[in-house]
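See below for the structure under consideration.
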Amino acid sequence: METDFSKMLYEKYFSRSNRLIEVTLKNGRKINGVFISFFLGDQDANEPYIRRWHIVEEKYKMTLGIDGFGFRIGELINQKDIISIKFLDDNLQMQFE
C-alpha cells in the first residue's frame with residue numbers, strides 16, 4: 001500500500017502551535033498561509049485520508065473561510081498537487097514525492 005502523506009501532514013500540522021506554512025505545488029507555485037479546513041477522502045474509493053485542504057492568509061485564520069458576501073477566502077488545494085510543506089517557524093520541510 002502507498003504511503004498516505006496526507007495523514008502524516010495532518011498529524012504533524014495539528015500537533016504544532018505555530019501553523020504558518022509555505023505550500024509548494026507541483027507546478028512550482030508557492031502559497032503561504034494556514035489551513036483552516038480540509039476534506040476527508042473516501043477510503044472505499046482509495047482516496048487519501050485528506051484529499052483537499054483550504055488555505056488562507058494567516059490574518060484570516062479565525063474565519064470560516066468566507067467573506068461578508070459569502071465568497072470563499074483563500075483557496076482549495078488538492079493533496080495530490082502538493083510537492084512539499086515548509087513550517088515557517090522552524091523551517092521543517094515535508095516532501096511528498
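Quick note: numbers below take in every heavy atom, side chains included, and nothing from hydrogens, waters or symmetry partners. FYI, the numbering just counts along the sequence from 1.
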* **Point-to-point distance, once rounded to the nearest 0.5 Å, from CZ of Arg16 to CG of Asp89** => 4.5 Å

* Quick check: are there more than 12 heavy atoms from other residues, nucleotides or ligands sitting under 6.0 Å from CD1 of Ile83? -> yes

* Asked: How about Val34 and Ile21: do any of their side-chain heavy atoms sit closer than 4.5 Å?
  -> no

* Could you check if a side-chain atom of Thr24 sits within less than 4.5 angstrom of a side-chain atom of Lys86, using non-hydrogen atoms only? => no

* Asked: Rounded to the nearest 0.5 Å, how far apart are CD1 of Ile85 and CZ of Phe5?
  -> 12.5 Å

* Can you find a pair of side-chain heavy atoms, one from Gln79 and one from Phe96, that are under 4.5 Å apart? -> yes

* To do: Indicate if Ile66 and Tyr60 have the same hydrophobic cluster label, given that clusters are the connected sets of ILVMFWY residues with side-chain heavy-atom separations under 4.5 angstrom.
  => no

* If you take all heavy atoms of Lys26 and Lys80, which pair is closest and at what distance? -> NZ-O, 2.8 Å

* Asked: Does a side-chain heavy-atom distance below 4.5 Å link Phe38 with Phe14?
  -> yes

* Between NE2 on residue His54 and CD1 on residue Ile36, distance to nearest 0.5 Å -> 4.0 Å

* **Side-chain donor/acceptor of Ser6 to backbone N/O of Arg51, under 3.5 Å** => no

* With a 4.5 Å heavy-atom cut-off, do Val23 and Ile77 have their side chains touching? -> yes

* Asked: Are Leu25 and Phe87 connected in the hydrophobic side-chain network, where two residues link if heavy atoms are under 4.5 Å apart?
  -> yes

* Asked: If you measure from CG on Leu9 to OH on Tyr13, what distance do you get to the nearest 0.5 Å?
  -> 9.0 Å

* Check the hydrophobic clustering (I, L, V, M, F, W, Y; side-chain heavy atoms under 4.5 Å; chains of links allowed) and say if Leu64 and Val56 are grouped together. => no

* Closest non-hydrogen atom pair, Arg52 against Asn78 -> NE-OD1, 2.9 Å

* Side-chain heavy atoms of Trp53 within contact of Leu76, under 4.5 Å -> no

* Asked: Which atom pair, heavy atoms only, marks the closest approach of Phe35 to Ile55?
  -> CD2-CB, 3.9 Å

* First locate atom CZ of Arg29, then atom CG of Asp81, and finally report the distance between them rounded to the nearest 0.5 Å. => 10.5 Å

* Asked: Closest approach of Lys12 and Leu92, non-hydrogen atoms and distance?
  -> CE-CD2, 3.9 Å

* Do Ile82 and Phe39 share a hydrophobic cluster (ILVMFWY, side-chain heavy atoms under 4.5 Å, transitive)? -> no

* Closest heavy-atom pair and its distance - Ser84, Gln93 -> OG-NE2, 3.3 Å

